[in-house]
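Right, one structure below, let's go through it.
Values below: all heavy atoms of this structure, side chains included; hydrogens, waters and symmetry mates excluded. Nothing fancy with the numbering, it's 1 onward along the sequence.
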Amino acid sequence: MTSSVIVVGGDEEDLSTKPLGRLSVFYYGVGHMLNDITASCWFTYLLLFLTQIGLSPRDAAIVMLSGQVADGFATIFIGELIDRFGHFKIWHAAGSALVAISFSSVFGGCLPCSILHNNSLTVETLSYSMFAAIFNIGWAATQVSHMAMVNCITLNSTSRVALTSSRNAFSMVANLGLYAIALVVFGVSKAGTKENTETQYRWIAYSSITVGCCFVVIFLMGTKEPRLRINLKETNRSRIPWSYWFRKILYYQVAMVYLLTRLVLNVSQAYLAFFVIDDLQMAQSAKALIPAIIYICSFVVSVMLQEIPWNGKRLKAYYCAGGIIWIFCGVSILLLPRSISSFMYAISVFIGIANALVLVTAISMQSVLVGSELGGCAFVCGSLSFLDKMSCGLALYVLQSHQSASPKVDVNIKQNFNFSVTRYGLGLVPAVCSLIGVVVTYFMELDSTILKPLCQPLLLE
C-alpha cells in the first residue's frame with residue numbers, strides 16, 4: 001500500500017520545514033487551556049466533591065468512569081471525522097463551547113433531582129454521569145483537534161516538540177490557575193452543608209470556564225487553519241486507512257508509552273490530595289501547595305525543553321530520564337512514613353520535573369510516528385487518547401472501588417505508617433507504569449535526524 005504524499009512546491013516544502021516563530025508557538029500553546037483547567041479540576045476534585053456530597057466511593061468512581069468511557073469513544077469518532085473533513089479550528093471551537101456549557105453541571109447541583117423532586121443516590125449518580133459524559137465528549141473534540149494540529153502546522157520535528165512543550169507549559173499555568181481559584185473560593189466560603197459544598201465547586205467551575213474561554217479566543221484569533229492540511233486535502237490520497245497504522249510496530253510502542261504516561265499523571269493527580277490529607281495528615285494548605293510545586297517545576301522544565309534541538313534519540317533519553325525519576329519518587333511515596341511527611345515537598349519537586357519530561361516526550365513521539373503522513377494524524381491522536389481514557393477510567397474505578405473497603409495495615413505504629421489504596425495509587429501504580437514505559441522506550445527505533453531549532457529563542461537572552 002502506498003502512503004499519502006504531500007504535493008507541494010519547493011517553496012512551500014521549505015516553509016513546511018522552516019522553524020516556527022515565538023508568537024506561533026505561543027498562540028498554539030494557549031489553545032488547550034480550557035481543557036487543561038477543567039481536566040485539572042476533574043482529576044483533582046471530582047472524586048473528593050462527589051464523596052463530600054454523599055455519594056459512595058463506588059458511585060463516584062462510576063461517574064468518573066462514565067466520563068472517561070464517553071471521552072474514549074468520542075476521540076476515535078472525532079479523529080476519523082477530522083481526517084475525513086479537516087477544519088481543526090471548527091472542531092476546537094465546537095468542543096470548547098460544549099465544555100464551557102456542560103462543565104458547571106458536572107460540579108453543580110443535581111438538575112434532574114430538582115425536576116423529578118427525587119434526591120435518591122441513584123438519580124444523583126445518573127445525573128452526574130450524564131453531564132460527565134457530555135463534558136468529556138466536548139473535551140475530546142478539543143483535545144484531538146488541538147493535538148493533531150501540531151503535525152499539520154509544521155514538518156520540523158524540533159518545532160513540533162516546541163509546540164508540544166508550549167502546550168504543556170500552559171497546561172501547568174492552567175493547573176496553577178485552578179489551585180489559585182480553589183484557594184480563594186475555599187478561603188472565602190465554608191462547606192458546612194451539602195448546598196455550600198455544591199456552591200463552592202460551582203464557583204470554581206464558573207471561574208475556570210471564564211479563564212479558559214479567554215485563552216480559547218486568543219488561540220482562535222492567533223492561529224490559522226494549518227496550510228499543510230489544506231494542501232493535503234487537494235490530493236487524491238489524503239486519508240490513510242486505519243490498517244496502515246496497525247501494521248506498524250512503532251504505533252503499538254508509542255501507544256503503550258502514551259497510555260502508561262497518562263496513567264502515571266492522571267492516577268497520581270487523582271490521589272495526591274487524598275494522600276496528603278488522609279495518609280500523611282498534613283495541613284489543609286498542603287493539598288494546594290504540593291500540587292502547586294509540582295506544576296511550577298513542570299512549567300519551568302517544559303519551557304526549557306523548547307530550546308533543545310530534538311531527534312529520536314533525545315526523545316528516548318529524556319523520556320527514560322523522566323521515567324527513572326518517577327520510579328524513585330513512587331518508591332519514596334510508597335515507603336514515606338507520616339513522621340517525616342514534610343519530605344513530600346521535596347518529592348513533589350522531582351515529580352514535577354518527571355511529569356514534564358515524560359509528557360512532552362511521549363506526545364512528541366506521536367509526531368515522530370505520524371511524520372509526514374498527515375492524512376491519519378487525527379486518527380493516531382484519537383486512537384491513543386481512546387486507550388488513555390479507557391485505561392485511566394478503569395484504573396481509577398478499580399482503585400476507588402476498594403477505597404472504603406480496604407483496611408489500613410499498620411506496619412509501624414510509632415511512625416504511623418500504613419499501606420492504603422491511596423498510597424498504592426500515588427506511589428506503586430506510577431512507579432510500575434514508569435518502569436514499563438522506560439523498557440518499551442528503550443527498544444523503540446526513532447528517527448535520529450536533528451532539525452533546526454526555533455527561528456527565535458522562546459527564552460529571553
- request: Could I get the full list of ring pair (Phe, Tyr, Trp, His ring centres under 6.0 Å) partners for Tyr179, not counting sequence neighbours?
  value: Tyr295
query: Under 3.5 Å, side chain of Ser104 to main-chain N/O of Ala100, donor-acceptor pair present?
result: no
field: Main-chain N/O of Asp36 paired to Ser40 side chain as donor or acceptor, under 3.5 Å
entry: no
query: Under 3.5 Å, is there a donor-acceptor pair between the side chain of Ser383 and the main chain of Val380?
result: yes
Sub-4.5 Å side-chain heavy-atom contact between Phe103 and Leu34: no
field: Within-4.5 Å side-chain heavy-atom neighbours: Ser96 and Phe219
entry: no
Flag side-chain contact, heavy atom, 4.5 Å: Gln269 against Thr44: yes
- request: Answer yes or no: does atom CZ of Phe328 have more than 12 heavy-atom neighbours from other residues, nucleotides or ligands under 6.0 Å?
  value: no
message: Under 6.0 Å between ring centres: does that hold for Phe107 and Phe49?
response: yes
message: Consider side chain to side chain contact (heavy atoms under 4.5 Å, CB included). Of Leu259, Ile76, Thr75, which one does Ser385 pass it with?
response: Thr75
message: Restricting to salt bridge (Lys or Arg N to Asp or Glu O under 4.0 Å), what partner residues turn up for Asp388, sequence neighbours left out?
response: none
- request: Carefully, step by step, assess Val301 and Met172 under the rule side-chain contact (heavy atoms from CB on, under 4.5 Å).
  value: CA-CA 10 Å; Val301 173; Met172 301 307 110; over 6 Å; no
side-chain contact (heavy atoms from CB on, under 4.5 Å) against Val69, all qualifying residues, sequence neighbours excluded: Leu65, Phe73, Met390
message: Counting C-beta onward and ignoring hydrogens, is there a side-chain heavy-atom pair between Phe299 and Val173 closer than 4.5 Å?
response: yes
- line: dist Ile90:CD1 -> Glu225:CD (nearest 0.5 Å) comes out at 7.0 Å
task: Find out whether Val257 and Val358 are in side-chain contact, i.e. whether some heavy atom of one side chain is under 4.5 Å from a heavy atom of the other.
output: no
query: Between Tyr252 (side chain) and Phe246 (backbone), is there a donor-acceptor pair under 3.5 Å?
result: yes
query: Is it true that a side-chain atom of Ser207 and a backbone atom of Ile204 form a donor plus acceptor pair closer than 3.5 Å?
result: no
- request: Show the numbers, then the answer: is there a side-chain contact (heavy atoms from CB on, under 4.5 Å) between Ser171 and Asn175?
  value: CA-CA 6 Å; Ser171 174; Asn175 281 276; 3.6 Å; yes
- prompt: Any side-chain heavy-atom pair from Val106 and Trp42 closer than 4.5 angstrom?
  reply: yes
- request: Flag the pair Ile290 / Met282 as yes when at least one side-chain heavy-atom distance between them is below 4.5 Å, and no otherwise.
  value: yes
- line: Rounded to the nearest 0.5 Å, the OH atom of Tyr28 sits from the OG atom of Ser24 at a distance of 12.5 Å
task: Check whether more than 12 heavy atoms from other residues, nucleotides or ligands sit under 6.0 Å from atom OH of Tyr345, and answer yes or no.
output: yes
statement: Nearest heavy-atom contact between Ala431 and Gly330 is CB-CA, 4.1 Å
message: Does Leu272 form a side-chain contact (heavy atoms from CB on, under 4.5 Å) with Val276? I'd like the steps, not just the answer.
response: CA-CA 6 Å; Leu272 181 60; Val276 167; 4.2 Å; yes
query: Between Leu315 and Ser364, what is the shortest heavy-atom contact and its length?
result: CD2-CB, 3.7 Å
query: Does any N or O in the side chain of Lys316 come within less than 3.5 Å of the main-chain N or O of Tyr442, such that one atom is a donor and the other an acceptor?
result: yes
Residue list, ring pair (Phe, Tyr, Trp, His ring centres under 6.0 Å) with Phe170, at least two apart or on another chain: Phe26
task: Output yes when a side-chain donor or acceptor of Trp139 lies under 3.5 Å from a complementary backbone atom of Asn35, and no otherwise.
output: yes
- request: Mind checking the CG-OG spacing from Leu357 to Ser302? Nearest 0.5 Å is all I need.
  value: 8.5 Å
query: With Thr441, which residues qualify under side chain to side chain donor-acceptor pair (under 3.5 Å), at least two apart?
result: none
- prompt: For residues 426-439, which residue pairs qualify under side-chain hydrogen bond (donor to acceptor under 3.5 Å, both in side chains), counting only residues two or more places apart or in two chains?
  reply: none
Which atom of Gly425 lies closest to which atom of Pro430, heavy atoms considered: O-CD, 3.3 Å
Tyr201 side, atom OH; Leu50 side, atom CG - distance, nearest 0.5 Å: 9.5 Å
- request: Kindly give the heavy-atom pair with the smallest separation between Gly177 and Ile37, and that separation in Å.
  value: C-CD1, 4.5 Å
query: With respect to His146, which candidate in His32, Arg167, His92 satisfies the side chain to side chain donor-acceptor pair (under 3.5 Å) definition?
result: Arg167
- prompt: So do Asn355 and Leu359 actually touch side chain to side chain, heavy atoms under 4.5 Å?
  reply: no
- line: Rounding to 0.5 Å, atoms CE (Met344) and CG (Leu426) come to a distance of 5.0 Å
- prompt: Just by modelled atom types, is the Ala132 backbone N or O under 3.5 Å from a matching donor or acceptor in the Asn136 side chain?
  reply: yes
- request: Please lay out, stage by stage, how Ser268 and Ile351 fare under the test side-chain contact (heavy atoms from CB on, under 4.5 Å).
  value: CA-CA 10 Å; Ser268 63; Ile351 290 177; 5.7 Å; no
- prompt: At what distance, to the nearest 0.5 angstrom, does OH of Tyr271 lie from OG1 of Thr422?
  reply: 6.5 Å
- prompt: Would you say Phe443 has more than 12 foreign heavy atoms packed within less than 6.0 Å of its CZ?
  reply: no
statement: Residues Lys89 and Lys224: closest non-hydrogen pair is CD-C, 4.0 Å
message: Counting only heavy atoms not in Tyr251 (residues, nucleotides, ligands), do more than 12 fall under 6.0 Å from its OH?
response: yes
field: Shortest non-hydrogen contact from Ala140 toward Asp71
entry: CB-OD1, 3.1 Å
